[in-house]
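A short write-up of the structure that comes next.
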Number of protein chains: 2
Amino acid sequence: MNWSGLPPLNSLRAFVAVAETGSYIKAGAVLNVTHAAVGQQVRTLEERLSVSLVVREGRGIRLTKEGMALARDLESGFSIIHRGVENLMESSVTHPVQLSTSPAFATEWLMPRIQDFQSKYPDIPLMLNPTSKVVELKPGGIEIAIRYQDKRKVTSPVTPVLISDMVVIAAPSLIGGQEINHPATLTGLPWLQELGTNEVTDWFSHRGVKLDRPLMISQMPGNLIMQAVRRGDGVTYTARAFFEAEIQSGEMKVLFSEPAFGIYYIVTSPGPLRASVKVFLNWLKEQSSIDSSSTLDS
Amino acid sequence: MNWSGLPPLNSLRAFVAVAETGSYIKAGAVLNVTHAAVGQQVRTLEERLSVSLVVREGRGIRLTKEGMALARDLESGFSIIHRGVENLMESSVTHPVQLSTSPAFATEWLMPRIQDFQSKYPDIPLMLNPTSKVVELKPGGIEIAIRYQDKRKVTSPVTPVLISDMVVIAAPSLIGGQEINHPATLTGLPWLQELGTNEVTDWFSHRGVKLDRPLMISQMPGNLIMQAVRRGDGVTYTARAFFEAEIQSGEMKVLFSEPAFGIYYIVTSPGPLRASVKVFLNWLKEQSSIDSSSTLDS
DNA sequence: TCTTATTTGTAAGAATATCTTTCATATGAA
DNA sequence: TTCATATGAAAGATATTCTTACAAATAAGA
């Protein structure tokens, strides 16, 4: 394309608006400018092309023969451009919001709330990718991820979704009558740990326990851990928020707790976010603040 | 057309240039701006559309899927616009220059010179409209007229083509041995006058002659008058320049003369002038100045 | 591995384009 | 004529767009 041959695009647009409306004032209204601005643009175009496009007629205007021919071409060109942009927006709207979280967070925090989102925004489809892997956020791929870090590791300011006590938790049936006074007491119990992580050994070292024999650790996806722990199959280290109800009711027992230690925060892909992604983000923050306030209430 | 839905046209153009060249630097070169300007425009577009169109890849860039789709549509839209503008310019170039002069001026001044124009600019066709009527200059119609006024009536500054003595002139054969001392002497001769004008009676009243009986006036187109006067069919009032050669050679005789009294000047249609019209105008002025200088020489 | 050349990314201020305001001019209708 | 309506023109205000200057990332070559 030889761009140097084209007159200023804004003047072409102004001229098309004049051709469509048949009036500078109406064209100005369509373009959200004054009649004078439209007139200047058209004059610029005429001078640039050295052709009269619009002539005054009585108290209105009329297009010249050349003006009509040009307007016809420009209209079809602009309408193709317009359609191209609209296609893009269209596909962008119906394209699902691509979200990645850990399996545990997905089942314990997100799933119970997701119905609320879908009832509020039935037109925005969601695509959830529950994985403990840290997936790369890039345009065209995952757009939002909710990541976990303990508070010691958070350096730059982040947007948290959930700040929770981190607890070592088990079903009372597993513990039985045992006295649990010290972390070291737990080395003999069966542990459940998220696939591909080292949460459990990290916790022991954080608590200063030196492991002299190997732990019994079953690795599995986070959502399965939650079920298994509830069944009494083992102990795990997780966010208190995921078991709040069971803790209250006594169905689950907290063995150790680190206050406000775990932070689930939002990460978004670089570049501009689609409108539907922004809507989801706002909803996420809203849910998060409801959480916090209800926590304050209790 | 709903213009409010369209992103800034300049940002669309920048994006197309990037899509075509595959690089900000090259796109900048094509658009005669810096790479930074292009980058800013593309970013503006992405933000406006809330879609990533271009992603960085290594030390270059790559279009996203959406970017490619949009670029395709935009390119076709812009190329239609481009073609529309080119069609217009094309037709504007080949369209003949529309010129109106009086028949006398056309035959006596313009025709002898027109060959020079056509040899210099063979691609610019001329359409000559020789008429004594004052035709309206309007876009799409006559673009240049050469008009006559005597110097008393010229008020606003004009662009003259020819400033000439105005003479009452006749062939020696018509006069014979008669002594012509006073304008009144001429009332008995046959006069030739441009159709639709009053030059002759105007001249008599200008010279203070009260006409007590009707003049013998034959009305005819200016070019025929010139021939008829040369044949000796009558007297006429015209520009000396039209008969310069015959006066020098004694073939025609000047009876009365008013120095630098007649002014032929250029009028152009309102609005912008086409390139070919401007070329013709420049040629006209050039011819005019050659005239003046040769007059000064003599 | 370290440098170098190349390209994109960012931000501040300069340059340019665009718009509004105001008044003037032209025209058709009452 | 006078009024209502529309375009035209010019000056100053506003907004956009661009350049400059530097930073960051990366691939190729020493």
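We name chains A, B, ... by the order of the sequence lines, and we start the count at 1 in each one.
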field: Rounded distance in Å - CG (A/Asn32) to P (C/dT20)
entry: 9 Å

message: Expressed as a whole number of angstroms, how long is the span from B/Ile25:CD1 to D/dT26:P?
response: 16 Å

- prompt: Hey, would you say the B/Trp109 and B/Tyr264 ring centroids sit under 6.0 Å apart?
  reply: no

So if I take every side-chain heavy atom of [X] and compare against [options], which nucleotide ends up nearest?
X       : options                : value
A/Thr34 : D/dA25, D/dT20, C/dT20 : C/dT20
B/Gln41 : D/dT19, D/dT17, D/dA28 : D/dT17
A/Ala37 : D/dC18, C/dT10, C/dC19 : C/dC19
B/Arg59 : D/dT26, D/dT17, C/dT20 : D/dT26
A/His35 : C/dG28, D/dA9, C/dT20  : D/dA9
A/Tyr24 : D/dT7, D/dC18, C/dT21  : D/dT7
B/Ser23 : C/dT6, C/dT20, C/dT8   : C/dT8

query: Any N or O donor-acceptor pair linking the side chain of B/Glu57 to the base of D/dT26 at under 3.5 Å?
result: no

task: Check A/His95, A/Gln98, A/Glu143 against A/Arg274 for a side-chain hydrogen bond (donor to acceptor under 3.5 Å, both in side chains) and give me the one that passes.
output: A/Glu143

Does [X] place a side-chain N or O at less than 4.0 Å from the phosphate oxygens OP1/OP2 of [N]?
X       : N      : result
B/Gln40 : D/dT16 : no
B/Arg43 : C/dT8  : no
A/Asn10 : C/dA17 : no

- request: Between A/Lys26 and B/Arg13, name the one whose nearest nucleotide on DNA chain D is closer to the 5' end.
  value: A/Lys26

message: By the 4.0 Å heavy-atom rule, please label B/Gly58 as base, sugar-phosphate, or nothing.
response: sugar-phosphate

statement: Closest non-hydrogen contact found for B/Ala14 with B/Gln41 is CB-CB, 3.5 Å

- line: 5'-most contact on DNA chain C (nearest-nucleotide basis), A/Ala36 vs A/Ser11, goes to A/Ser11

